[in-house]
Visitor: 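Quick one: the structure is below, questions incoming.
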Amino acid sequence: MKLTIPEEEIMGHGHLACQGCGGALAMRYTLKTLGRNTVLSVPACCWSVIDGPFPHSAVNIPVFHTAFEAAASTASGIKAGFEIQGKDVNVVAWAGDGGTYDIGIQALSGAAERNDDILYICYDNEAYMNTGVQRSGSTPLKAWTTTTPVAHPKDRPKKDLISIMAAHRMPYIATASVAYPEDLTEKLEKAKSIKGTRFLLIFSPCPPGWRADPKNTVKLARLAVETKVFNLLEIENGLDWRITKKIRKPKPVIEYLKLQGRFRHLTEDDVSLIQENVEKEWNILMNKVGE
Amino acid sequence: MAKRKIISGNHAVAEAAIKAGCRFFAGYPITPSSEIAEKLSEVLPKYGGRFIQMEDELASMGAVIGASLTGAKVLTATSGPGFSLKQENLGFAIMAEIPVVVVNVQRGGPSTGLPTFTSQQDLMQARWGRHGDQEIIVLMPDSVQETYDLTIRAFNLAEKYRTPVILLSDEVISHMSEPVDIPDEVEIVDRAKPDVPPEEYYPFDSSKGLVPPLAPYGTGYRYHITGLNHDKTGFPSNDPEIVHNQMLRKLNKIRKNTDDIVEVEEFKLKGAKYAIFALGSVGRTAKQTVINLRKEGVPIGVFRPKTLWPFPEKEIIELGKKVEKIFVIELNYGQIIGEVERWVSKYTEVEWYGRATGRLIPPREIGAFIKEKIE
């Protein structure tokens, strides 16, 4: 059997991620695929801590730990600097969902509109985990966070960032999951080969923030896809939408929700509402895919 | 009967805000201030208030300004880089004279700095972080109790002077828990409302005194708010005389009321030959230093402004005339020393000691420095 995931480990041992961190897995696969000719622009997020203090730095490539709102703009600058020197380096903005969906979206939109030659990767754990689990624009409907207490959990669904990015008509957009490393690796390879702004959203469960068992990280990421809560797709030039992992027999969302403490307060009505929302979003997506 | 309970500095801000009548909070997560938002997300709806987590810091500042214009008492809280990001809209609130309370829990800087450790490096940023001439009220607590008390005071001063007030806490005060006496009744100040009908109302009318009444939006009083220099109607003006007079009024509403705004704590200063100048959490180590040194016979006390800005000029000059030396102890690399020297250097000597490593400076170390300087 042909191994599709590169063997070389660039990310080292001794990182400071929590047990079962989806974000750590996402970085590991990303670096394997992109290789050492890569620099990272990382805003405030878990990974600004996970990388660890010298000499235990876990990524073995240059990291520019930038300001919260500046992942994309710093990456744009780094790339421009390399370009005027004639150097060909993968410049990657690596941000969490807070730094992408919320405070960083202006810089991301600016880069995408200019089509700056950067790869923007959001490892999405659906809240501000590094500062203590506050809600973000990516937090799903009805989820508990420390700023959406169970008395009034989040009353809006996760922001459809992928459609926002598609509206930029940028060369390449994809969603991926740490539970599907081959799919993730293929998308990273493709993104690497394309010039212009590329955006990748990697679904990355967070056991402490989701109040979930660390052993269930991959299981949860897989269930999110199998329940159609998070769909694996890619979009070329903002218009050609394609599902990369088709789910023949979708599971009910309860299978995914019941493994997470952040959904422990849900009533049956809440679960039905979430299920309905998943169906609604799926139909919207199917219209775009054209199936 | 006051109720005593043990809470953290950040929770004291949240409880005091509710007590002061705050019913709107907009914020953005940032260590070490996030607990204020978390607590208020839970509590505000119970009081018919509204909590919004915004998409960034500047937006949080914009939302509280908007809510305040409707007549609500409003709060936002931040720290470090978040305080930097708020500055543009904070300047707007100063220019447009909108009451807002901003908590800045200081952490190590510059930039991302030391997110989980203390510092006092924002003293000058609190004063001058925005472009343009301005006065600002900044309060600094040294305990959880004082955090509670000064939060209420911050709301009252914001309402009274129709201006932003900054509560400048730090990571030590915000994260430690102490017993706090929660009073049943506190003095509450509400902003002045117009005493004229809408057609005679001007939001920046200097003939109404230094603090013209602010009509809540939605009550029939139609007026213009802008960050541009403006005349009494609120509409933009480039007229040098109008600009000058409006600027002077905005500055003077603070400058001419320093006696009302300034509060200082004097600890064992009676008959003291030396004084430590300390702010916020440093006040605690300074007091312990004084207790230690007094046992060794050193006549020393602590001078601690609870109001950092406007600076307690009169009080520090009085002190300067009485003591032989003032020791300024700071959790930074020399900020407020300049202001202290500006007022007292012709009366007394000033010595400085400090650093910003994220930790408090132990009393024994401050004591050793002082003894070396007075021998």
Side-chain angles (χ1 to χ4, degrees), chain A residues 16 42-49 51 53 63-71 74 95-109 125-139 143-156 159 161 164 209 265, chain B residues 8 10-11 14 25-63 76-88 105 107 109-117 171 174-175:
Chain A
L16 296 180
V42 181
C45 64
C46 291
W47 255 101
S48 63
V49 176
D51 193 25
V63 173
F64 191 134
H65 176 194
T66 187
F68 210 168
E69 64 285 2
T74 302
D97 46 288
T100 304
Y101 284 69
D102 297 343
I103 197 169
I105 197 169
Q106 175 173 319
L108 171 57
S109 177
N125 53 29
E126 302 191 323
Y128 292 81
M129 299 311 185
N130 189 35
T131 46
V133 200
Q134 294 87 9
R135 64 92 91 190
S136 77
S138 167
T139 301
W144 162 90
T145 68
T146 54
T147 51
T148 51
V150 290
H152 41 92
K154 197 178 178 228
D155 60 357
R156 293 283 299 155
K159 187 190 280 186
L161 187 67
I164 296 171
H265 56 280
Chain B
S8 72
N10 278 343
H11 283 184
F25 179 97
Y28 188 73
I30 189 159
T31 306
S33 75
S34 298
E35 295 86 359
I36 298 171
E38 290 172 3
K39 187 75 183 170
L40 286 169
S41 76
E42 183 192 319
V43 176
L44 265 173
K46 293 180 187 165
Y47 288 85
R50 178 74 68 86
F51 166 90
I52 307 184
Q53 187 181 312
M54 299 297 290
E55 68 277 15
D56 66 33
E57 298 280 2
L58 186 63
S60 311
M61 207 53 226
T76 186
T78 190
S79 186
F83 192 51
S84 297
L85 289 169
K86 283 196 186 317
Q87 297 297 327
E88 187 192 4
V105 180
R107 67 188 219 185
S111 189
T112 313
L114 297 167
T116 56
F117 293 97
E171 190 275 336
S174 73
H175 276 166

Visitor: Top residue by heavy-atom pair count (under 4.5 Å) with chain A, among B/Ala37, B/Pro29, B/Gly27?
Guide: B/Pro29
Visitor: Would you please name every residue forming a side chain to side chain donor-acceptor pair (under 3.5 Å) with B/Thr31, sequence neighbours left out?
Guide: none
Visitor: With sequence neighbours excluded, tell me which residues meet ring-ring contact (aromatic ring centres under 6.0 Å, His included) with B/Tyr28.
Guide: A/Phe68, A/Tyr128
Visitor: Under 6.0 Å from the CD atom of B/Gln87, do we count more than 12 heavy atoms belonging to anything else shown?
Guide: yes
Visitor: So, B/Gln53 side chain and A/Gln134 main chain: donor-acceptor pair closer than 3.5 Å or not?
Guide: no
Visitor: Select all residues of residues 54-62 of chain B having any heavy atom within less than 4.5 Å of some heavy atom of chain A, and report them by number, or 'none'.
Guide: B/Glu55, B/Asp56
Visitor: Under 4.5 Å, heavy atom to heavy atom: which of residues 38-45 of chain B reach chain A? Give them by number, or say none.
Guide: B/Glu38, B/Ser41, B/Glu42, B/Pro45
Visitor: Who wins among A/Ile103, A/Thr131, A/Thr66 for the most heavy-atom pairs under 4.5 Å with chain B?
Guide: A/Ile103
Visitor: Based on non-hydrogen pairs under 4.5 Å, which of B/Ser111, B/Gly82, B/Pro81, B/Ser34 is most in contact with chain A?
Guide: B/Ser34
